[in-house]
Amino acid sequence: MLLGANQQQKQNLPSIYNVYSQTRKYLILYIISGLGFLYTFDETVYLPSMSTIVNEFQSTETLGLLTVSIYLFTASLSGLLWGVLSDFYGRRPVIIYGLSIFTFSVIMCYFSTNIYMFIICRAIQGGLISITIVVVQGIISDLYEPRVRGVAYGIYYTAYFTGNALGPVIGGQVSAYFGWRSTLLVAASISFVLLVSYVIFVPESQQYAVMCAYEKEHGGSLLESDEICKPTFVNPCANLLYLTDSTVLPYSVMLVVGYVSMNWTFLFLPLKLSQPPYSYRENTVGILLTMSGMGLIAGSLCGGILSDLAGNKRFLISAIPEARIIPGLIFSILTVVGLILYGWTLHYYWSAALLILGSGLSCFGQTAARPGVMSYFTIKYQQHAGGIISVNSCLQQMMTSVALPLTDYIINFMRQGPLFTILATCNLLSTIVVAVIVWRKIHLVVNLEKKTLL
């Protein structure tokens, strides 16, 4: 009787997900999604001018691509540290300090006098900008309960990949009229505005800090108080042990293969569009990249909405966290089709329209899979959300940073058609492996429920 009364009393406690009002949570979500936009905008805003930068610095195409790969490489390594620091010290101080130094590093990049100084400045930027992936996604897991987390991640990734779409078109236009260095001033201005907005409007969201502040102010407990532990500082590399977990590794591999493929198509595209037989100008290249980038935005929105729908209680599989991944698995087929179309279009120099279509399809399929997988990860490891996110970001960005500089060598060895067919095959195999795991999990749970009913 007493136990039942205690349980009833606990159910009446406010949830940590309701500490902040819905309006304020949306304001926070839009600001931190802007930080996601900044990451990809800063990564791609100068891509239409890549040939111009290479010529001005009297450099090579390989070193030009290295400016992107070094950015991703330092982002991958630093992400492990930011995840641990944000789990221990809180999200707010990490973002404020990191974003402040990042803004300064973008301005330093503006004054680069040679390709090597430019590469060093880009490395510093990458090491700092990773907070907008790792820490920001941790904030989403802090604020949004599992049943609506997929849509929240979908909104974040929509902004994140909008940077991919708008970065080249804005960069192309700005570069055409004011020179390629002016694109860096645009990125620095956006960073400064987002920093000020974050300082003014975004409170601390780390759940232990929020719980302590609530209990101090209101003198009561929250519904999840018994589940939230005081954070401990761990070795950043210890988070890599998540990759030995069979409930994590297959999904991480699927995201990594898709991320590398997407970046290979999207970042390689401006170089090819500016060269014969296409030979488009910088501003035209930017517009064409935006058309391709629309697949990134649409995929994120669809993936987020359908991920939460799959977790809806009206469905039998809603109690299975892996069920959120199912819509993304279906859309992953588009990644395979898009990569094959993209590769063989480059191989035979077919119409640029087919090139854009192939890139758009592969981007849509890859981004549609992300909200479901990230929702699954943060539901499974709620108290270590920063850590699990940092490991996945590290793996994806590091593999991409290694792959990009090798592009020319690999293409000279096997040409574009076979290369992207191999990438498509890798995507298909990783998707099949995850699909089998999810199906077996659902089959096991359904059979267990049937036995319980009997």
Taking only distance into account, with no hydrogens and no angle test, what donor-acceptor pairs under 3.5 Å do side-chain atoms of residues 326-346 form with protein atoms, sequence neighbours excluded?
from: Ser332; atom 1: OG; to: Gly328; atom 2: O; distance (Å): 2.8
from: Thr335; atom 1: OG1; to: Ser362; atom 2: O; distance (Å): 3.4
from: Thr335; atom 1: OG1; to: Gln366; atom 2: N; distance (Å): 3.0
from: Tyr342; atom 1: OH; to: Thr265; atom 2: O; distance (Å): 2.8
from: Trp344; atom 1: NE1; to: Thr421; atom 2: OG1; distance (Å): 2.8
from: Thr345; atom 1: OG1; to: Leu341; atom 2: O; distance (Å): 2.6

Going by atom type alone, with no hydrogens or angles, which donor-acceptor pairs under 3.5 Å involve a side-chain atom of residues 249-257 and a protein atom two or more places apart or on another chain?
from: Ser252; atom 1: OG; to: Val248; atom 2: O; distance (Å): 3.2
from: Ser252; atom 1: OG; to: Asn392; atom 2: OD1; distance (Å): 2.6

In a table with atom names and distances, give each donor-acceptor pair under 3.5 Å that connects a side chain of residues 194-205 to protein atoms at least two apart or in another chain.
from: Ser197; atom 1: OG; to: Val193; atom 2: O; distance (Å): 2.9
from: Glu204; atom 1: OE1; to: Arg91; atom 2: N; distance (Å): 3.3
from: Glu204; atom 1: OE1; to: Arg92; atom 2: N; distance (Å): 3.2
from: Glu204; atom 1: OE2; to: Arg91; atom 2: N; distance (Å): 2.9
from: Glu204; atom 1: OE2; to: Gln206; atom 2: N; distance (Å): 2.9
from: Ser205; atom 1: OG; to: Asp142; atom 2: OD2; distance (Å): 3.1

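Residue pairs that meet the side-chain hydrogen bond (donor to acceptor under 3.5 Å, both in side chains) test with at least one member in residues 23-35, sequence neighbours left out, do not exist here. Applying the side-chain hydrogen bond (donor to acceptor under 3.5 Å, both in side chains) test to pairs two or more places apart or on separate chains, those with a residue in residues 346-359 are Ser292-Ser359.
Shown here are the ring-ring contact (aromatic ring centres under 6.0 Å, His included) partners of Tyr71, two or more places apart in sequence or in another chain: Tyr39. A search for ring-ring contact (aromatic ring centres under 6.0 Å, His included) contacts involving Phe233 returns Phe88, not counting sequence neighbours. A search for ring-ring contact (aromatic ring centres under 6.0 Å, His included) contacts involving Tyr17 returns nothing, not counting sequence neighbours. Judged as a side chain to side chain contact (heavy atoms under 4.5 Å, CB included), and not counting sequence neighbours, the contacts of Ser51 are Leu271, Ser274. With sequence neighbours left out, the ring-ring contact (aromatic ring centres under 6.0 Å, His included) criterion links Phe73 to no other residue. Under the side chain to side chain donor-acceptor pair (under 3.5 Å) criterion, Thr431 pairs with no residue at all, not counting sequence neighbours. With sequence neighbours left out, Ser401 forms a side chain to side chain donor-acceptor pair (under 3.5 Å) with no residue at all.
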